[in-house]
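A short write-up of the structure that comes next.
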Amino acid sequence: MSEAPAAVAEEEYAEADMVFASLDEFVTRYVAQIVRRRLGRSVAMWCPAWWKHPEAVARFSVMWRAFEHLKQDPALGLSTWWLHHADPHLRALMDPDRGPFVLCDPREGHSDRPPEPLPIEASPPAMWDDPVYSVRRRGEAPSDESAAGAA
């Protein structure tokens, strides 16, 4: 079954209106070119292999999507993007004490021993039955998808 004409037209419009075709292109051709920092262990960290850091990929991904959306507002879009998206994410990414690049070196490259994931203790499943914490109805079993993600 083919897609409805409106859905196809909307998808083509969205793709045609994008400045960057991929996350890699956004980071390589925009972020790395426009963001200039003095790099060092006491100032700001960077990893040339940023794509090996799951947190960096996640943060750059939301930065890219926000950029593509907000650039459509010629008045305040990019200012909003810088103040509310780029600045906080770059601060977190490049933090020399706590950022994901903390063990890497901007000139020597990616460290083969990345920081460990956060330790997790299993939560009691019944806790998530409360509607405050879940979109499931009280007593409803988790879907196969959410159960697989928890494994």
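Residue indices begin at 1 and follow the sequence shown.
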**Message:** For the CD atom of Glu55 and the CZ atom of Phe101, what is their distance to the nearest 0.5 Å?
**Reply:** 8.0 Å
**Request:** Could you tell me which non-hydrogen atom of Leu93 sits nearest to which non-hydrogen atom of Ala56, and how far apart they are?
**Result:** CD2-CA, 3.5 Å
**Prompt:** Should Trp46 and Cys104 count as side-chain neighbours, where that means a heavy-atom distance under 4.5 Å?
**Reply:** no
**Asked** Out of curiosity, does Met94 fall in the hydrophobic cluster containing Leu83 (side-chain heavy atoms, cut-off under 4.5 Å, transitive links)?
**Response** no
**Given Phe26, Trp50, Phe67, the one that forms side-chain contact (heavy atoms from CB on, under 4.5 Å) with Val31** = Phe26
**Item:** Connected via hydrophobic side-chain network under 4.5 Å: Ile34 and Phe60
**Value:** yes
**Prompt:** Does some side-chain heavy atom of Gln72 sit less than 4.5 Å from a side-chain heavy atom of Asp17?
**Reply:** yes
**Item:** Heavy-atom closest contact (Val102 atom, Pro96 atom, distance)
**Value:** CG2-O, 3.3 Å
**Request:** May I ask you to test the Thr80-Asp73 pair for a side-chain heavy-atom distance under 4.5 Å?
**Result:** no
**Prompt:** Should Val19 and Leu78 be counted in the same cluster of Ile, Leu, Val, Met, Phe, Trp and Tyr side chains packed under 4.5 Å apart?
**Reply:** yes
**Asked** So do His85 and Leu70 actually touch side chain to side chain, heavy atoms under 4.5 Å?
**Response** yes
**Item:** Contact check, side chains of Val35 and Leu90, non-hydrogen atoms, under 4.5 Å
**Value:** yes
**Item:** For Trp82 against Pro88, the heavy-atom pair lying closest together
**Value:** O-CD, 4.2 Å
**Complete:** Heavy atoms of Met18 and Glu68 approach each other most closely as CA-OE1, 3.3 Å
**Prompt:** Looking only at heavy atoms, which two atoms of Asp95 and Met45 are closest? And how far apart?
**Reply:** O-CG, 4.4 Å
**Request:** Spell out, as yes or no, whether a donor-acceptor pair under 3.5 Å connects the side chain of Gln33 to the backbone of Arg29.
**Result:** no
**Asked** Considering only heavy atoms from C-beta outward, does the side chain of Cys47 approach that of His53 to under 4.5 Å?
**Response** yes
**Item:** Phe20 and Tyr30 aromatic centres sub-6.0 Å
**Value:** yes
**Fill in**
To the nearest 0.5 Å, atom NE2 of His69 lies from atom CH2 of Trp81 at 14.5 Å
